[in-house]
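Structure record follows, encoded as structure tokens.
Small disclaimer: the values here were computed from a predicted structure and weren't measured. Whatever order the structure lists them in is the order used to number ligands and atoms, beginning at 1.
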Amino acid sequence: MTTDPLQELRCWLEQNWDPDMRVGEWWERLGMAGWSAPMLPVECHGRGVSRGDALQVGRVIAEFGALGPPAGLGLALAAPTLATHGTREQIDRYVPDIVTGRLAWCQLFSEPGAGSDLAGLSTRAERDGDVWVVNGQKVWTSGGHFADLGMLLARTNPSAPKHQGITWFVLDMHQPGVEVRPLREMTGSTMFSEVFFTDAVVADRARIGDVNNGWSVANTTLLYERSGMGAGSNQPPAGFLVRPGTVAGDLDLRAGDFVRAHSTPIDDAHSTPQRSAAQLYIDLARQTGQDRDPTIRQELVRAHILGELRRFNTERQKAVRAAGGDIPGIANFSKLLMAHALRLNRDLGMQILGARGMLHAYGADQRTSLADLPGQRAAHAVTALALRAQALPIFGGTDQIQRNIIGERVLGLPKEPGDLSRLPFDQLAKNGTG
Ligand SMILES: Cc1cc2nc3c(=O)[nH]c(=O)nc-3n(C[C@H](O)[C@H](O)[C@H](O)COP(=O)(O)OP(=O)(O)OC[C@H]3O[C@@H](n4cnc5c(N)ncnc54)[C@H](O)[C@@H]3O)c2cc1C
């Protein structure tokens with residue numbers, strides 16, 4: 001970095017941003033200049049800046065009015081994992097396509113029988129010369145139906161204890177052995193898919209880290225997943241306004257159009273910071289006249305206080321990090337707090353809306369019709385938030401798992417009795433096998 005990276009970025013934006021460019025062209029420039037993933041080391045197409053500086057980079061791009069980097073799991077999870085565990089050749093093969101948004105990634109970790117207990121996964125990869133043959137099933141795969149590549153965890157040694165027989169691969173999603181079945185959620189949108197593997201093939205050179213050492217590689221991926229959320233980022237795991245990769249078709253669209261779309265936060269209540277979320281409910285209660293109701297008033301104050309607590313907590317975390325320190329368990333605590341605030345807001349919103357809260361917009365037309373109803377312009381956003389509020393307490397480690405981590409790793413409480421992690425995976429009891 002030069003002496004003032006943000007000044008350098010502003011100059012760079014002056015010279016490079018053009019709203020008439022295609023999204024793909026813009027991301028090519030942004031990524032190859034190191035501004036898409038500034039936290040990555042310089043040799044991995046980043047700029048080697050701290051988390052605090054990286055947040056500033058994002059802010060400067062947004063304030064300038066340019067389109068931000070290609071959001072998604074490639075940039076958030078795959079790139080830092082590859083930078084940590086990939087060989088030089090693997091970094092050169094995969095990272096440029098991530099920082100420029102040319103290819104989109106998904107995370108093929110969770111399975112029907114392995115979510116919180118991720119190390120219990122049973123998708124198999126068996127070696128056949130220079131390739132591995134993959135069979136099994138994943139679920140909850142965010143953005144799976146838009147992905148070009150997947151971060152695959154597969155069992156490569158069933159006779160080893162469960163954490164010691166897993167390997168991390170880069171899987172090509174566009175091959176005959178991969179079937180992606182999108183799942184429709186109660187929100188009406190399709191954020192994730194089931195993914196089935198039938199003799200899918202992955203080359204050994206697409207293996208990241210050593211054979212059977214995938215658990216440690218996966219921990220890097222999970223660390224970035226959790227720290228992203230703990231740092232106060234409200235990004236959902238997928239489903240952004242403008243999507244990278246060859247499938248979504250967004251690379252050919254005009255970049256400037258997405259900048260305008262970004263400036264209407266009320267349409268995406270999930271990304272509304274809690275502080276403004278409280279304001280959203282206060283405004284709504286005023287419109288319905290319920291701001292005089294003592295019970296509602298009490299809940300509005302609670303929502304406001306929680307929003308402020310979250311904000312202070314994020315500030316505290318940033319300050320400690322900037323000073324080179326860390327607060328044990330803060331990321332887990334932040335996620336719990338965010339989940340708690342979301343639930344409170346969900347209930348509050350439904351209380352204010354009453355029967356109208358049963359009306360949900362499943363498409364753009366319905367959204368317009370609901371927004372046009374007299375009196376409650378933001379009601380559809382409140383209902384959408386209520387339906388989406390179930391996601392956060394589950395993904396990236398459920399609330400219960402966050403509490404376990406805080407209990408065991410921060411408070412020093414004893415672990416659960418019985419250590420199943422030492423038994424060979426194929427001797428562990430599974431559903432239906434006693
Ligand atoms: C919106 C969303 C997006 C997601 N995206 C992805 C993705 O892209 N890729 C991916 O691989 N996965 C993804 N996931 C999956 C997510 O990581 C899992 O859902 C999560 O790990 C929980 O696993 P599970 O659903 O199998 O629940 P389970 O692990 O079966 O848990 C069921 C219940 O039991 C509780 N429980 C389980 N174990 C314990 C324990 N030891 N102590 C106390 N309570 C326990 C849990 O808290 C939960 O309440 C996503 C999930 C959501 C909701």
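Aromatic ring pairs are classed by plane angle as parallel below 30°, tilted from 30° to 60° and perpendicular above 60°; the pair Trp168 and Trp105 is tilted.
Taking every heavy atom of Ser142 and a limit of under 4.0 angstrom, the matching atoms of ligand 1 come to 3 (C), 4 (C), 5 (N), 6 (C), 7 (C), 8 (O). Within the listing of ligand 1, atoms 41 (N) sit less than 4.0 angstrom from a heavy atom of Glu416. Close approach of ligand 1 to Ala391 (heavy-atom distance below 4.0 Å) involves ligand atoms 1 (C), 53 (C).
A donor-acceptor contact closer than 3.5 angstrom is absent between the side chains of Gln351 and Asp347. In this model, a donor atom of one side chain and an acceptor atom of the other lie less than 3.5 Å apart for Thr81 and Thr221.
Tested against Ser36, the residues Val99, Thr100, Ile98 include a single side chain to side chain contact (heavy atoms under 4.5 Å, CB included) partner, Val99. Under the side chain to side chain contact (heavy atoms under 4.5 Å, CB included) test applied with Val247, the options Leu103, Val180, Asp148 reduce to a single match, Asp148.
With sequence neighbours excluded, no residue forms a ring-ring contact (aromatic ring centres under 6.0 Å, His included) with His145. Remark: Phe192 pairs with Trp140 by the ring-ring contact (aromatic ring centres under 6.0 Å, His included) rule, at least two apart or across chains.
Within the structure, the closest approach of Met191 to ligand 1 falls below 4.0 Å when heavy atoms are considered.
With a 4.0 Å cut-off on non-hydrogen atoms, Lys138 does not touch ligand 1 at all. With a 4.0 Å cut-off on non-hydrogen atoms, Ile394 touches ligand 1 through its backbone as well as its side chain. With a 4.0 Å heavy-atom cut-off, ligand 1 is reached by no atom of Gln390. The proximity of Ile401 to ligand 1, defined as any non-hydrogen pair under 4.0 Å, is limited to the side chain. Residue contacts with ligand 1, taken as heavy atom pairs separated by less than 4.0 Å, do not involve Asp399 at all.
Considering each of Gly397, Ser110, Ser116, Ala114, the one bringing a non-hydrogen atom nearest atom 37 (C) of ligand 1 is Ser116. With Gln107, Glu111, Gln402, Gln400 as candidates, the residue nearest to atom 44 (N) of ligand 1 on a non-hydrogen basis is Gln400.
For ligand 1, the polar-atom distance check against Phe109 finds a nitrogen or oxygen pair separated by under 3.5 Å.
When every heavy atom of Leu342 is checked against every heavy atom of Ala389, the shortest pair comes out as O-CB, 4.2 Å.
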